[in-house]
Amino acid sequence: MPKSQDELRQTYPSKARLTPLPLAEMSERTREVIAKTNLAPNGEPLAIFGTLARHPKLLAAWLPFGGRLLAGGSLDRNATELVILRTAYNMGNEYEWGQHLYISKTLGIKQATIDRVIAGPDAEGWSPFEGLLMRATEELHVDRYITDDTWKALSEHLNETQLIELCFLVGQYEMLAMFLRTAGVQLEPGKEKLPHDGKL
């Protein structure tokens with residue numbers, strides 16, 4: 001039986017199974033790949049990238065895919081972040097939540113909206129489109145499928161490219177959440193942890 005969301009949020013590993021590879025120990029090619037990513041304040045790659053650098057070929061292949069779904073995607077950036085935050089919350093993933101909460105706030109997403117992400121698709125205050133995004137994210141998480149009604153309603157807001165992208169976006173961040181938890185990738189200092197019991 002899969003663990004509940006609350007159980008997942010309370011059991012994120014407190015210790016890394018795989019530690020990030022220091023920049024100085026990476027190959028020149030991997031350092032070139034890493035140079036395109038965000039760095040932590042100490043000049044090292046963020047823990048996610050440093051950890052994935054232990055598999056340099058996978059890192060090099062994955063970064064363009066991840067980038068295409070993030071800043072290079074066809075969905076509105078704020079919409080993308082709302083979907084990622086809800087996915088991180090559903091997956092009980094400390095690292096994913098903390099990083100994307102920071103990104104969301106730099107994009108100007110308000111605390112009231114973040115509170116609604118935590119409450120879910122039925123929270124009051126969503127715009128019709130945002131509510132549908134949350135509904136689709138929830139359906140993909142629970143049922144691995146967007147229902148006909150949700151798909152039809154989303155089609156009034158999104159084109160075919162964006163509908164495809166939405167499915168891949170949720171899938172990518174669920175996959176990533178599984179890796180981050182399994183590897184025990186630790187959130188950088190100063191980033192906010194995942195709320196417990198629906199509270200920040």
Side-chain angles (χ1 to χ4, degrees), residues 1-12 48 52 58 61-104 107 109 113-183 185 193-198 200:
M1 176 74 100
K3 288 187 176 181
S4 71
Q5 292 173 19
D6 282 337
E7 287 175 311
L8 285 172
R9 285 191 285 279
Q10 293 168 15
T11 58
Y12 192 89
I48 180 176
L52 279 168
L58 180 61
W62 169 76
L63 276 173
F65 175 72
R68 173 58 59 192
L69 290 171
L70 199 59
S74 63
L75 290 170
D76 173 79
R77 278 294 285 121
N78 284 22
T80 296
E81 288 303 322
L82 295 180
V83 169
I84 295 169
L85 282 177
R86 185 62 193 179
T87 301
Y89 186 82
N90 283 340
M91 296 296 288
N93 198 273
E94 291 277 2
Y95 192 90
E96 205 165 69
W97 175 269
Q99 291 293 355
H100 285 276
L101 183 62
Y102 173 79
I103 292 168
S104 295
L107 290 171
I109 295 175
T113 303
I114 293 165
D115 291 342
R116 282 196 292 276
V117 169
I118 294 166
D122 295 325
E124 292 184 8
W126 288 124
S127 71
F129 173 56
E130 289 171 337
L132 284 167
L133 279 179
M134 292 295 99
R135 174 68 53 205
T137 302
E138 207 72 2
E139 289 175 355
L140 286 168
H141 176 69
V142 175
D143 302 318
R144 304 304 188 200
Y145 168 77
I146 296 176
T147 63
D148 288 344
D149 287 346
T150 304
W151 181 268
K152 182 178 179 181
L154 274 172
S155 298
E156 297 178 11
H157 300 269
L158 301 176
N159 60 33
E160 289 180 349
T161 299
Q162 292 167 322
L163 288 165
I164 291 169
E165 196 169 296
L166 175 60
C167 296
F168 274 82
L169 182 65
V170 174
Q172 139 85 352
Y173 281 91
E174 292 215 351
M175 174 188 71
L176 196 54
M178 286 185 274
F179 166 72
L180 292 165
R181 174 183 292 280
T182 300
V185 177
K193 292 189 174 183
L194 192 66
H196 293 272
D197 301 320
L200 285 171

TODO: Kindly determine whether Tyr12 and Arg181 satisfy side-chain contact (heavy atoms from CB on, under 4.5 Å), including the steps that lead there.
DONE: CA-CA 6 Å; Tyr12 192 89; Arg181 174 183 292 280; 4.2 Å; yes
Open item on the list: To check you understand the geometry: which heavy-atom pair defines the closest contact between Ile84 and His100, and what is its length?
Closed with: CG2-CG, 3.4 Å
Task: Derivation of the side-chain contact (heavy atoms from CB on, under 4.5 Å) call for Leu82 and Glu130 - done: CA-CA 8 Å; Leu82 295 180; Glu130 289 171 337; 3.9 Å; yes
TODO: Drop me the distance from Leu194's CG to Glu96's CD, to the nearest 0.5 angstrom.
DONE: 10.0 Å
Open item on the list: How long is the straight-line distance from CD of Glu174 back to OG1 of Thr137, given to the nearest 0.5 Å?
Closed with: 9.0 Å
- [ ] Taking the side chain as every heavy atom from C-beta outward, state whether Asn90 and Glu138 have any atom pair closer than 4.5 Å.
- [x] yes
Task: For the student: nearest non-hydrogen atoms of Leu101 and Leu85, plus distance - done: N-CD2, 3.6 Å
TODO: Under the side chain to side chain donor-acceptor pair (under 3.5 Å) rule, collect the residues that match up with Arg68, sequence neighbours excluded.
DONE: none
Task: Over 12 foreign heavy atoms within 6.0 Å of OH, Tyr102 - done: no
TODO: Looking only at non-hydrogen atoms, find the nearest pair between Ala136 and Leu154 and report the distance.
DONE: CB-CD1, 3.7 Å
Open item on the list: Contact between Asp122 and Arg135 at the side-chain level, heavy atoms closer than 4.5 Å - yes or no?
Closed with: yes
Open item on the list: Can you confirm whether more than 12 heavy atoms, excluding those of Phe65, are under 6.0 Å from its CZ atom?
Closed with: yes
Task: Straight-line distance of Met134 CE to Phe129 CZ, nearest 0.5 Å - done: 9.0 Å
- [ ] Rounded to the nearest 0.5 Å, what's the gap from CG on Asn159 to CG on Leu75? Could you check?
- [x] 8.5 Å
Open item on the list: Tell me if a side-chain donor or acceptor on Gln162 pairs with a main-chain N or O of Ser74 at a distance below 3.5 Å.
Closed with: yes
Task: Distance-only polar pair, side chains of Thr113 and Arg116, donor-acceptor under 3.5 Å - done: yes
Task: Check: Leu69 main-chain N/O paired with Gln172 side-chain donor or acceptor under 3.5 Å - done: no
Open item on the list: Can a donor-acceptor pair be found, under 3.5 Å and without considering hydrogens, that links the side chain of Arg86 to the backbone of Pro121?
Closed with: no
TODO: Could you grab the distance from atom CD of Glu81 to atom CG of Asp76, nearest 0.5 Å is fine?
DONE: 10.5 Å
TODO: Please report the closest heavy-atom contact between Ile103 and Arg77, naming both atoms and the distance.
DONE: CG2-NH2, 3.6 Å
Task: Which atom of Asn93 lies closest to which atom of Ala177, heavy atoms considered - done: ND2-O, 2.9 Å
TODO: Considering non-hydrogen atoms only, spot the tightest contact between Glu139 and Thr150 and give its length.
DONE: OE2-OG1, 2.9 Å
TODO: Kindly say whether Val117 contributes a backbone atom to a donor-acceptor pair with the side chain of Tyr89 at under 3.5 angstrom?
DONE: no
- [ ] May I ask you to test the Leu132-Trp126 pair for a side-chain heavy-atom distance under 4.5 Å?
- [x] no
Open item on the list: Before you tell me yes or no, could you show the steps for Trp62 and Leu176 under side-chain contact (heavy atoms from CB on, under 4.5 Å), namely the whole-Å CA-CA distance, both residues' side-chain angles and the distance that decides it to 0.1 Å?
Closed with: CA-CA 11 Å; Trp62 169 76; Leu176 196 54; 3.9 Å; yes
Open item on the list: Once rounded to the nearest 0.5 Å, what's the spacing between atom CG of Leu169 and atom OG1 of Thr80?
Closed with: 5.5 Å
- [ ] Answer whether the closest heavy-atom distance between the side chains of Trp97 and Ile118 falls below 4.5 Å.
- [x] yes
Task: CA sep, side-chain torsions, deciding dist, call: Leu133, Leu166, side-chain contact (heavy atoms from CB on, under 4.5 Å) - done: CA-CA 9 Å; Leu133 279 179; Leu166 175 60; 4.1 Å; yes
